[in-house]
Visitor: 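My structure is below; once you've seen it, I'll send some questions.
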Amino acid sequence: MPLKRAVLIDVDYTIKDGKTLVRLLMKGKRFFRLYDFYDPYFYIDAPISKKDEIMKASVDERGQKVSPTSVEEVTRTLFGKEKKLLKVTCLIPSAVPKLRDKLPHFPAYEYRILFGRRYMIDKNIAPFSTLIYEREGKFLKKIHRTADLPFSLRTAAFDIETYNPRGAPRPKLDPTIMISYANGKQQVITTKKIDKPFIEHAKDEKEMITQFCKLLSEQDIEVLLGYNSAVFDLPYLAARADILKVPLSLGRDGSSFRIRKMGIRETAEITGRLHIDLYSIIRFLGFIGALKVSKFTLENAYSEITGKKKYMVDRLAIHEMWDKGGEKLDTLADYSMMDAKATLELGSVVMPLEIEMSKLVRLPLFDTANATAGQLVESLLMHRSYHAGAIIPNKPGSEEAAEREKNPIQGAFVKLPQPGIYDNLAVFDFRGLYPSIITSHNIDPYTLNCDCCKQDSYVSPLGHRFCKKKKGLIPAVLADIISQRAKLKGELKALEKDSSEYTRLFARQQSLKILANSYYGYLAYARSRWYSREAGESVTAWGRHYIQETIKKAETAGFEILYGDTDSIFILLGQHSKDDALSFMKKINDALPGDMELELEAFYPRGVFVTKKGLGGKGAKKKYALIGEDGKIKIRGFELVRRDWSRIAKDTQMRVLEAILKEGSKEKAVKIVRDEIERLREGKVPLEDLTIYTQLNKSPGSYEIKSPELSAAQKAAKAGIKFDRGSLIGYVITKSGSTISDKAVVLELAQDYDPNYYIDHQVLPSVLKILKELGFSEDDLKFKGTQKGLGGFFE
DNA sequence: GCGAGCAGCGTACCT
DNA sequence: ACAGGTACGCTGCTCGCG
């Protein structure tokens, strides 16, 4: 038998003649399916004497009676201890949880694991790994080995434009007017005659949809990228296709797509292709802090991630551009084309990461693209747990999760800074603090308070003991991740930065980093399978211990410590040299256990720390600005990094900080503020620069209090502009009204602005705290002016 | 009746 | 729906003052 090779994409199953038929979606030259037989099972914690009782259990499934086909005694590790359990096998995956429910008086495990995942775990295979196998017809006969070989996927991106005379398009009334498509070749399918090379003419909307579907099958597209396509484009197309009575044949089998709810977001799955909604991925990367995107629109994500500009049209004017024709229509076509191209380009940035993450945690790409951090961590732990001979713990019930949530664990230490302007700082931080604490102290739910090393174990500052003899699952997985990443970083140095190998390995180290940083969170996550309050609180307790010890040692060595947050310490060099600081770092490192390491983040010639608002001049935590030796300014926490402050306040604050950090000129700083106040008074500032953006995290009806953003949203709703839960609302404080909420109006409807509000509540508060550090006293700033408010001081 | 002071809600940020 | 720690604006209340 000749050996074949192909890349595994995904696994699911179907039922054939009452038996489970596993379907492996594979990619050779193109996608194809392989079949295999495998029986589902779960575990019951009961003595073998209960075998007959268990064998008799039966459930109705797919119109047939399903009972266990075998019950056998096996030995596994359960909660860290060897135990005899009963492995109960049956024929139909969906019968497994039902059979378990028939036997509620026994503890049971692994009865709610999706069967495709079960198969991949048990066979030890990963998405995107190359299987080297034997086949017999359509059936997989034997996997000889797996390999990690390069491959590529035929990828296209699409986007639709819709007619929208009433603001938001209404799928029942408003047609799709353009479908753009990009995969190296680019086209816009539309019903109007437009003289552009990429235009593909269709005689009506019906034909437009058909042509789009035909493209996918003719070009044999394997990955279809969209932006918010699971929530907007695909459902919209489906609604139009339904009305027009034309099939929306997106899948390889002619089907359209299936909506699946994963977490809080809806996903759309296309049979035989990977439909990836980049919006979910960008949101995820933004949420965990791997990416900084201020606003999750395609335009914004594209320009902030690629650094390129994407021109925009006024969304509300799309129907006018369509109706007017001529140049406007040409512009609309260009815009539509650019949407698909931008989506494709965004895909080229994030897909390598998603593919590596999928391989690493062994979760199919579609699931990885829609997964939360918890699901990624859990997926890998489930695989590793199985291969360590351990039972996968169940998820907690909702009551237990609620109980855990009610009882949060203590977190990190943050040192109170003394406000001021400082010269010559050194910033150190612990490299991967929490991961390295976990591996270096073997912190795991099942190494906790072991019996085997009572005399010699790792004892946390809270008194919890962790085994020194047997490595825990989480420390083992983390140590593996950390060493893989270290190795990759070495390999990357030898590669050309624009090679495909570099892109792949860089994405791999990125995914390892994201994952490593998620384990502590998972340990303390209320819905975690491997939750342990003791383990979680030991991680943070050791974290507080090490940073506080390091601060003490630095002080003993004669340094002044300005600030520190979780894993960082800010040292004032004073009379010490840089070398003094580095030898201090070395001394610290000599005393640190295991994988733990203190690193130099950078030296900074100058930095600003400000006072907290209110209460007696104490320093503000999590707010500072530093200038590096390269002249680059690093800013944390200030209004200027927050999206819920107006651009005028943020720009002014930035310019003031630059004047101080770069030039040390308070005269210049004051002049900047004075000029901006003057511009505001004269009414010269455009409303865009005065807009405050805030997210509405609840549906507008469910707020307990009235806030400016809510009030603006309510006024907008009356004018026909809807803001749902989760939308970002931009509003301006106008002249009319008494309270600030009364004055708040969405940008689209705002006609004027209240200069006093922007002077007293935006520009001045953002710069006063900084100017105070230049020697202006609180009284100087508050009382030397006129009655008009603080602005008077600057006249 | 009015302003100061405060608690609570809500958002966005830091590590 | 991975964790906790923190700043701060706004609203709406209480309280003391006149």
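Below, chain A is the first sequence line, B the second, and so on; all start at residue 1.
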Visitor: Please state how far atom CD1 in A:Ile547 lies from atom C1' in C:dG5, giving the value in whole angstrom units.
Guide: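 To the nearest whole Å, that distance equals 13 Å.
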
Visitor: Mind checking A:Asp429 for me? I need base, sugar-phosphate or nothing, with any heavy atom below 4.0 Å counting as a touch.
Guide: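 Answer is nothing: A:Asp429 stays at 4.0 Å or more from every strand.
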
Visitor: Would you mind classifying the nucleic acid contact of A:Ile288 as base, sugar-phosphate or nothing, using non-hydrogen atoms under 4.0 angstrom?
Guide: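 Base: the residue A:Ile288, judged by heavy atoms under 4.0 Å, touches a nucleobase.
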
Visitor: Ion pair present between A:Lys292 and A:Glu304, side-chain N to carboxylate O less than 4.0 angstrom?
Guide: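 Answer for the salt bridge query: no.
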
Visitor: Could you check whether A:Gly521 gets within reach of a base, just the sugar-phosphate, or nothing at all, counting any heavy atom under 4.0 Å?
Guide: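 The residue A:Gly521 makes base contact.
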
Visitor: OP1 or OP2 of B:dT11 less than 4.0 angstrom from a side-chain nitrogen or oxygen of A:Tyr703, does that happen here?
Guide: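 Checking B:dT11 against A:Tyr703, a side-chain N or O does come within under 4.0 Å of OP1 or OP2.
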
Visitor: Establish, from distance only, whether the side-chain atoms of A:Asn300 and A:Ser294 form a donor-acceptor pair under 3.5 Å.
Guide: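 Per modelled atom types, A:Asn300 and A:Ser294 side chains form a pair under 3.5 Å.
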
Visitor: Which atom pairs link the protein and nucleotides 5-7 of chain B when you take only N or O atoms and keep those under 3.5 Å?
Guide:
none

Visitor: Can you tell me the distance, in whole Å, between the OH atom of A:Tyr531 and the P atom of C:dC2?
Guide: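 Going from OH in A:Tyr531 over to P in C:dC2 covers 15 Å.
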
Visitor: For A:Tyr563, is the NZ or CZ atom of A:Lys415 found under 6.0 angstrom from the centre of its six-membered ring and inside 45 degrees of the ring axis?
Guide: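 No.
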
Visitor: Which listed nucleotide (B:dT15, B:dC13, C:dG5) is nearest to the side chain of A:Thr566?
Guide: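 For the A:Thr566 side chain, the nearest candidate turns out to be B:dT15.
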
Visitor: Name the nucleic acid region contacted by A:Tyr434, choosing base, sugar-phosphate or nothing; use a 4.0 angstrom heavy-atom cut-off, strictly under.
Guide: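 Nothing, no nucleic acid heavy atom in range.
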
Visitor: Reckon A:Val539 touches a base, only the sugar-phosphate, or nothing at all at heavy-atom distances under 4.0 Å?
Guide: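 No contact at all - A:Val539 keeps every heavy atom at 4.0 Å or more from the nucleic acid.
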
Visitor: Write down the distance between CG (A:Leu381) and P (C:dC2), rounded to a whole number of angstrom.
Guide: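 Between P of C:dC2 and CG of A:Leu381: 14 Å.
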
Visitor: Would you say A:Tyr624 reaches B:dT15's phosphate, i.e. side-chain N/O to OP1/OP2 under 4.0 Å?
Guide: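 A:Tyr624 to B:dT15 OP1/OP2: side-chain N or O found under 4.0 Å.
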
Visitor: At under 4.0 Å between heavy atoms, which parts of nucleotides 7-13 of chain C does protein reach? Answer with one letter per nucleotide, 5' to 3': B base, S sugar-phosphate only, - none.
Guide: SSSSS--

Visitor: Between C:dA1 atom C1' and A:Arg404 atom CZ, what is the distance in whole Å?
Guide: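 In whole Å, C:dA1 C1' lies 14 Å from A:Arg404 CZ.
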
Visitor: Once you round it to whole Å, what is the distance between P of C:dA1 and CZ of A:Arg283?
Guide: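 Those two atoms, CZ and P, are 10 Å apart.
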
Visitor: Please report the C-alpha distance between A:Tyr624 and A:Arg636 in whole Å, then the side-chain angles of each, then the deciding distance to 0.1 Å, and finally whether the side-chain contact (heavy atoms from CB on, under 4.5 Å) criterion is met.
Guide: CA-CA 5 Å; A:Tyr624 58 85; A:Arg636 293 292 180 265; 3.4 Å; yes

Visitor: Less than 3.5 Å apart, any donor N or O on the side chain of A:Thr439 or A:Asp595 sitting next to an acceptor on the other?
Guide: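 A donor-acceptor contact under 3.5 Å links the two side chains.
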
Visitor: For nucleotides B:dG10 and C:dC2, find the distance between their C1' atoms and express it as a whole number of Å.
Guide: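 Taking atom C1' in both B:dG10 and C:dC2, they lie 22 Å apart.
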
Visitor: How would you label the contact of A:Ser518 with the nucleic acid (heavy atoms, under 4.0 Å): base, sugar-phosphate, or nothing?
Guide: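 Base, at least one base heavy atom under 4.0 Å.
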
Visitor: Does A:Glu537 pair with A:Arg533 as a salt bridge, N-O distance under 4.0 Å?
Guide: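 Yes, this pair counts.
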
Visitor: Before accepting this row, confirm whether a basic side-chain N of the pair A:Lys743/A:Asp754 lies closer than 4.0 Å to the acidic partner's carboxylate O.
Guide: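 Yes.
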
Visitor: For A:Ile514 and B:dT15, what is the distance between atoms CD1 and P respectively, to the nearest whole Å?
Guide: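 That distance rounds to 18 Å.
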
Visitor: If the cut-off is 4.0 Å, is A:Gln375 near the phosphate of C:dA1, judged by side-chain N/O to OP1 or OP2?
Guide: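 Indeed not, no polar side-chain atom of A:Gln375 lies that close.
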
Visitor: A:Leu728 CG to B:dG10 C1': how many Å, rounded?
Guide: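 Spelled out: CG on A:Leu728 to C1' on B:dG10 is 15 Å.
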
Visitor: At under 4.0 Å between heavy atoms, what does A:Gln410 touch on the DNA or RNA strands: base, sugar-phosphate, or nothing?
Guide: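 Contact class for A:Gln410: sugar-phosphate only.
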
Visitor: So, is the end of the A:Arg606 side chain (NZ or CZ) under 6.0 Å from the ring centre of A:Tyr422 and within 45° of the ring's axis?
Guide: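 Judged by the rule, A:Arg606 and A:Tyr422 form no cation-pi pair.
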
Visitor: Would you mind checking if A:Glu549 and A:Lys552 are paired as a salt bridge, meaning a charged N to carboxylate O distance below 4.0 Å?
Guide: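 Judged by the 4.0 Å cut-off on N to carboxylate O distance, A:Lys552 and A:Glu549 do form a salt bridge.
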
Visitor: Expressed in angstrom and rounded to an integer, what is the separation of A:Tyr525 atom OH from C:dA1 atom P?
Guide: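 Going from OH in A:Tyr525 over to P in C:dA1 covers 8 Å.
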
Visitor: Below 30° counts as parallel, above 60° as perpendicular, anything between as tilted: where do the rings of A:Phe466 and A:His464 land?
Guide: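 Rings of A:Phe466 and A:His464: perpendicular, as their planes differ by over 60°.
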
